[in-house]
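A short worksheet on the structure shown next.
Bear in mind that the values here come from a model prediction, so they are computed numbers and not experimental data. Sequence positions, counted from 1, serve as the residue numbers for this chain. Keep in mind that the numbers below use all heavy atoms, side chains included, and drop hydrogens, waters and symmetry copies.
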Amino acid sequence: MLAESRRNQAEECCGLLAGRGGVISAIFPAANVLASATAYEIAPADLFILLKKMRAEGLDLLGIYHSHPASDNAPSPTDIERAYYPDAVYFIVTPQPNAEKPVRAFCICEGHVTELEIEVIT
């Protein structure tokens, strides 16, 4: 996710994260159809294809990620308003080289935001 966010800082990158048992093991990058530096959207047809691919691989949707190329990687009002998957964790990435936490995770449900701790398993 971080490498993807740094490849094209002119617009937000986005995609889905999948795995089993609450452990993310796969990333599914998607095109940002808005081609915007301040907003993202995955086309419904692309979303359908990615979810179908996950199911075929026996994976569950665990997270949705996007980047904030030029701002703090905390949920924006738009991110909170458009958090349509309350069971998914929302990951926000910043390509800024001096960011204290370049990747942050949030539970966003009914307008309430809770930052989650990310545990990396090797």
task: Find out whether Y85 and I64 are in side-chain contact, i.e. whether some heavy atom of one side chain is under 4.5 Å from a heavy atom of the other.
output: yes
message: Quick one, F28 and L17 - any side-chain contact, counting heavy atoms below 4.5 Å?
response: no
task: Would you check if C107 and V113 make a side-chain contact, meaning some heavy-atom pair closer than 4.5 Å?
output: no
- prompt: H68 and side-chain hydrogen bond (donor to acceptor under 3.5 Å, both in side chains): which partner among N73, T38, D79?
  reply: D79
message: If the threshold is 4.0 Å, N to carboxylate O, is there a salt bridge linking K101 and D72?
response: no
task: Answer yes or no: is there a side-chain heavy-atom contact under 4.5 Å between E4 and M1?
output: no
query: C14 and A31: which non-hydrogen atoms are nearest, and at how many Å?
result: SG-O, 3.9 Å
query: For E12, does its backbone N or O pair with a side-chain atom of N32 as donor and acceptor, under 3.5 Å?
result: yes
task: Evaluate the side-chain proximity of I108 to V89: yes if any heavy-atom separation is below 4.5 Å, no if none is.
output: no
query: Is there a donor-acceptor pair under 3.5 Å between the side chain of S67 and the backbone N or O of C13?
result: yes
message: Just to verify, which of L34, I49, L16 counts as forming a side-chain contact (heavy atoms from CB on, under 4.5 Å) with I42?
response: L16
query: Any side-chain heavy-atom pair from P75 and I92 closer than 4.5 angstrom?
result: yes
message: Could you tell me if the side chain of L61 sits less than 4.5 Å from the side chain of L50, heavy atoms only?
response: no
- request: Identify the residue among Y40, Y90, F91 that makes a ring pair (Phe, Tyr, Trp, His ring centres under 6.0 Å) with H66.
  value: Y40
- prompt: Side-chain contact, heavy-atom cut-off 4.5 Å: I27 with Y65?
  reply: yes
